[in-house]
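Structure first, then comments.
The figures that follow rest on heavy atoms only: side chains count, while hydrogens, waters and symmetry mates do not. Note that this is a predicted model, so its numbers are computed, not measured. Order of the sequence lines sets the chain letters (A, B, ...), proteins ahead of strands, with each chain counted from 1.
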Amino acid sequence: MCASFNDHVYDIVKQIPAGCVATYGQVAALAGKPRNARAVGYALHANPEPGVIPCHRVVFRDGSLAPGFAFGGPDRQRALLRSEGVTFVEPCERGNAGAPGLRVDLSRCQWHA
DNA sequence: CCTGTGACTGAAC
DNA sequence: CGTTCAGCCACAG
């Protein structure tokens, strides 16, 4: 495809099955640029097809979303992902502190291409 | 064509 | 443990 990297990202994100999540780096790697996670975020920011692109299934390496840029807020994301069957990890997991707040259990729900 | 900016990531202080 | 720095690459002006 002659589509821009941006389009590749959309195509990949749309392939993410419900109940699973992918990290920016994961999508970037599938797009062919494992170092281009930022471009993935930029692509999703453009989000030319809202409702079609499950940007809420794309999370940080830690399993968290961009606070403030989430399609409606972290609460909305948690409700939506949880509704799809995604498991969430509460603080005090993963051995110890780790990241504060809620985050997706990448160990159980990270998408496998 | 060049510059600026950015939903990232990993490492360092 | 929390914050900051630097590197990477694509898109928009």
[X] has an atom [atom1]; how far is it from atom [atom2] of [N], in whole Å?
X      : N      : atom1 : atom2 : result
A/L44  : C/dA10 : CG    : C1'   : 13 Å
A/Y42  : B/dT9  : OH    : P     : 18 Å
A/H45  : C/dA12 : NE2   : C1'   : 12 Å
A/N6   : B/dT5  : CG    : P     : 20 Å
A/F60  : B/dG10 : CZ    : C1'   : 14 Å
A/R103 : B/dA7  : CZ    : C1'   : 19 Å

Under a single-linkage definition using a 4.5 Å side-chain heavy-atom cutoff for Ile, Leu, Val, Met, Phe, Trp and Tyr, are [X] and [Y] assigned to the same hydrophobic cluster?
X     : Y      : result
A/V9  : A/W111 : yes
A/F88 : A/L80  : no
A/Y42 : A/V13  : no

(request) Check the angle between the aromatic planes of A/H56 and A/F71 and answer parallel, tilted or perpendicular using the 30° and 60° thresholds. (result)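 It falls in the tilted class, 30° to 60°.
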(message) Applying side chain to side chain donor-acceptor pair (under 3.5 Å), can you list everything that pairs with A/Y10, at least two apart in sequence or on another chain?
(response)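 In terms of side chain to side chain donor-acceptor pair (under 3.5 Å), with neighbours along the sequence ignored, A/Y10 is linked to A/N6.
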(message) Under 4.0 Å, heavy atom to any atom of DNA chain B: which of residues 23-40 of chain A qualify?
(response)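 Hits under 4.0 Å, by residue number: A/Y24, A/G25, A/A37, A/R38.
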Nucleotide N/O of nucleotides 11-13 of chain B paired with protein N/O under 3.5 Å:
none

(message) Just to be sure I understand the rule, does A/F5 reach a base, reach only the sugar-phosphate, or reach nothing, if contact means heavy atoms closer than 4.0 Å?
(response)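 Answer is sugar-phosphate: A/F5 comes under 4.0 Å of backbone atoms only.
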(request) Would you give the length of the straight line joining atom CZ of A/R103 to atom CG of A/D62, rounded to the nearest 0.5 angstrom? (result)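 A/R103 CZ to A/D62 CG: 7.5 Å, rounded to 0.5 Å.
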(message) Going by side chain to side chain contact (heavy atoms under 4.5 Å, CB included), A/V58 matches just one of A/V21, A/I16, A/I12. Which one?
(response)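 That would be A/I16; it is the only one of A/V21, A/I16, A/I12 passing the side chain to side chain contact (heavy atoms under 4.5 Å, CB included) with A/V58.
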(request) Indicate the atoms forming the closest heavy-atom contact of A/G63 with A/L106, along with that distance. (result) N-CD1, 3.7 Å
